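The model shown is predicted, which means the values in this text are computed figures rather than measured ones. In listed order, ligands and their atoms are each counted from 1. Counting begins at 1 with the first residue of the sequence.
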Amino acid sequence: MSKPQAYSVKAYSAVSAKAPLAASSIPRRETTASDVKVDILYCGVCHSDLHFARNEWNFTQYPAVPGHEIIGRVATMGSDVKKFKVGDLVGVGCLVESCSTCPDCRAGLEQFCPEMAMTYGSTDKHLNLPTYGVYAQSIVVRDEFVLRIPANLNPAAAAPLLCAGITTYSPLRRWKVGPGQTVGIVGLGGLGHMGVKFAHALGAHVVLFTTSPGKTADAQRLGANEVVVSKDEQQMAAQAGRFDFILDTVSAPHDLNTYLNLLKRDGNMVLVGAPEKPLAVASFSLIMRRRSLSGSLIGGLPETQEMLDFCSEHNITSDIEMIRMDQVNEAYERMLKSDVKYRFVIDMTSL
Ligand code: NAP
Ligand code: ZN
């Protein structure tokens with residue numbers, strides 16, 4: 001593979017786990033024949049960005065540029081790219097590369113490909129440099145990893161669909177959530193509020209578990225049939241054994257067993273939240289009613305496009321609070337206090 005040239009783009013990065021994010025510049029490869037260069041308009045702020053910037057998952061290399069939920073416009077593209085034209089409104093999520101030939105890729109589950117590259121925290125094999133996230137002016141990515149954004153979706157509010165959207169849509173579809181089921185969503189943040197919207201749109205009876213009583217009215221507006229304040233032991237006791245499925249989106253330490261005990265026989269709880277430290281599971285929470293505990297990682301490209309089309313059909317986007325790039329550190333602190341309604345999105349013209 002001949003090595004493409006690099007060009008420099010403005011970005012926001014952290015130089016260490018303790019440092020705030022600040023203006024910087026990073027290299028991107030020039031477009032190869034199969035690449036699309038996207039000028040970034042809007043970028044969602046995922047809690048994973050915070051885990052990554054602060055090295056909470058122990059794999060961060062610095063400088064670290066977070067960001068994996070963008071909407072932008074096609075600026076240029078390589079000679080082999082036929083799918084797009086200059087000016088198209090597109091999205092890029094957490095994935096930027098995979099081998100295209102392994103069983104996972106052939107199944108459209110590129111997130112599990114052994115050679116998969118993430119938008120940040122992987123290696124750009126063309127430049128042999130780290131991949132840098134999309135708190136940046138532009139990104140260059142192979143055309144297969146660029147998603148079409150339906151015209152009826154508000155572009156800023158669609159940005160979070162590229163991670164928060166697909167990460168909640170995928171497990172709800174995989175475990176066939178639908179009418180007649182009682183479904184719990186734990187945590188009303190970026191992922192959780194999308195989970196509520198999708199589970200409602202799929203026809204389930206939706207119960208939102210929150211540590212923030214002040215979010216009750218919002219949860220109902222977003223599609224929750226019931227809201228349970230998880231700190232209230234009486235309210236929690238009343239939920240025992242009634243759930244077919246629970247989606248746990250919590251980013252911090254919490255007791256999984258409290259939620260496992262709410263599942264029916266053969267019920268399943270899926271973790272998408274990825275707290276820094278391991279969580280303890282009591283065997284009896286699972287064995288007494290043959291319950292399962294599973295995990296789920298974003299979603300593959302075909303399912304991401306399916307999710308975007310589902311959103312177009314059902315008029316679903318994220319509820320967002322727009323911020324400037326220089327407000328991102330403050331946004332992280334608010335995210336840690338569960339004070340997000342319900343996804344921060346950076347207006348990238350402010351970079
Ligand atoms: P977020 O917007 O910060 O939302 C997390 C929510 O969890 C909070 O709003 C809060 O909701 C609840 N929460 C926070 N601390 C809690 C605690 N100590 N006990 C109980 N509940 C608590 O975060 P996000 O962007 O949705 O991300 C959530 C998690 O998913 C993160 O760990 C992220 O890294 C992970 N993630 C995983 C994938 C994947 O592919 N699996 C993809 C993206 C993100 P309430 O106020 O309602 O309690
Ligand atoms: Zn994310």
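Protein heavy atom closest to atom 43 (C) of ligand 1, with residue, atom name and distance, is C163 SG, 3.3 Å. For atom 5 (C) of ligand 1, the nearest non-hydrogen atom of the protein is S251 OG, 3.7 Å. Closest protein heavy atom to atom 45 (P) of ligand 1: T210 OG1, 3.3 Å. Looking only at protein heavy atoms, the nearest one to atom 24 (P) of ligand 1 is H47 CB, 3.6 Å. Given atom 44 (C) of ligand 1, the protein heavy atom at minimum distance is S48 OG, 3.2 Å. When hydrogens are left out, the protein atom nearest atom 4 (O) of ligand 1 is G189 CA, 3.3 Å; that is the closest non-hydrogen contact. The closest protein non-hydrogen atom to atom 8 (C) of ligand 1 is S338 OG, 3.6 Å. If you check which protein heavy atom lies closest to atom 25 (O) of ligand 1, you get R343 NH1, 2.6 Å.
For CD of E115, the number of neighbouring non-hydrogen atoms (other residues, nucleotides, ligands) closer than 6.0 Å is 12 at most. By the 6.0 Å contact criterion, CD on Q61 is open, its count of non-hydrogen atoms from other residues, nucleotides or ligands being 12 or less. In the displayed structure, R221 atom CZ is contacted under 6.0 Å by more than 12 heavy atoms of other residues, nucleotides or ligands. Remark: R174 CZ is loosely packed, at most 12 non-hydrogen atoms of other residues, nucleotides or ligands lying under 6.0 Å away. Around NZ of K341, the count of heavy atoms belonging to other residues, nucleotides or ligands within 6.0 Å does not exceed 12. Around CG of D266, the count of heavy atoms belonging to other residues, nucleotides or ligands within 6.0 Å exceeds 12.
Less than 4.0 angstrom separates some heavy atom of M335 from each of these atoms of ligand 1: 3 (O). Close approach to L297 involves these atoms of ligand 1, each under 4.0 Å from a residue heavy atom: 40 (O). Which parts of ligand 1 touch I298 is read off a 4.0 Å heavy-atom cut-off, strictly below it: atoms 39 (C), 40 (O). If you number the atoms of ligand 1 from 1 as listed, the ones under 4.0 Å from a heavy atom of K215 come out as 9 (O), 11 (O), 45 (P), 46 (O), 47 (O). Near G187, with a cut-off below 4.0 Å to any heavy atom, the atoms of ligand 1 are 11 (O), 47 (O). Less than 4.0 angstrom separates some heavy atom of P253 from each of these atoms of ligand 1: 18 (N). Listed by atom number, the atoms of ligand 1 under 4.0 Å from T167 heavy atoms are 38 (C), 39 (C), 40 (O), 41 (N), 42 (C). Residue A252 has at least one heavy-atom neighbour below 4.0 Å for each of these atoms of ligand 1: 15 (N), 16 (C), 17 (C), 18 (N).
Distances from atom 13 (N) of ligand 1 to the heavy atoms of L191, D339, T168, V250 put V250 nearest. Checking D49, I166, D255, T249 against atom 28 (C) of ligand 1, the nearest heavy atom belongs to T249. Which of T211, V272, L188, V227 comes nearest to atom 37 (C) of ligand 1 through a heavy atom is settled by distance: it is V272. Atom 46 (O) of ligand 1 has its nearest heavy-atom neighbour, among G192, S212, A219, in S212. Nearest-heavy-atom check against atom 30 (O) of ligand 1 across P171, G273, C94 picks out G273.
Between the side chains of R173 and T168, no donor-acceptor pair is found at a separation under 3.5 Å. For the residue pair N268 / S294, a side-chain donor-acceptor distance below 3.5 Å is found, with atom types taken as modelled. Side-chain atoms of T32 and D35 form a donor-acceptor pair, as typed in the model, at a separation below 3.5 Å. Under the 3.5 Å distance criterion, with hydrogens and angles disregarded, a donor-acceptor pair is assigned to the side chains of D218 and Y342. The closest side-chain donor-acceptor pair between Y332 and D49, if any, does not fall under 3.5 angstrom. Of the N and O atoms on the side chains of D255 and T258, at least one donor lies less than 3.5 Å from an acceptor on the other residue. No side-chain N or O of N55 forms a donor-acceptor pair with one of Y62 less than 3.5 Å apart.
Protein atoms that are N, O or S and lie under 2.8 Å from the Zn ion (ligand 2) are these: C46 SG, H68 NE2, C163 SG.
Here D143 does not pair with K83 in a salt bridge; the nearest charged N to carboxylate O distance is not below 4.0 Å. Look at K85 and D88 and you find a salt bridge, because one of the NZ, NE, NH1 or NH2 atoms lies within 4.0 Å of a carboxylate O, short of that distance. Looking at E330 and R324, no side-chain N of the basic residue comes within less than 4.0 Å of a carboxylate O on the acidic one, giving no salt bridge.
H68 places a side-chain heavy atom less than 4.5 Å from the side chain of C46.
Using cut-offs of 30° and 60° for the angle between ring planes, the H47 and H51 rings count as tilted. Ring orientation note: the planes of F209 and Y259 are nearly perpendicular, at an angle over 60° on the 30°/60° scale.
Note: an N/O pair closer than 3.5 Å links A274 and ligand 1 by distance alone. Checking only distances, W57 never comes within under 3.5 Å of ligand 1, N or O to N or O. Remark: ligand 1 and G190 share an N or O pair separated by less than 3.5 Å (distance only, no angle test). Between H51 and ligand 1, a contact under 3.5 Å exists for at least one N or O pair. Taking distance alone, with nitrogen or oxygen atoms compared against 3.5 Å, Y342 stays at or beyond that limit from ligand 1.
Not counting sequence neighbours, the partners of S138 by the side-chain hydrogen bond (donor to acceptor under 3.5 Å, both in side chains) test are Y7.
Within the 4.0 Å heavy-atom shell around ligand 1 one does not find A164. Under a 4.0 angstrom heavy-atom cut-off, Q111 registers as lying outside contact with ligand 1. Taking 4.0 Å as the cut-off, G295 does not count as a neighbour of ligand 1 on heavy-atom distance.
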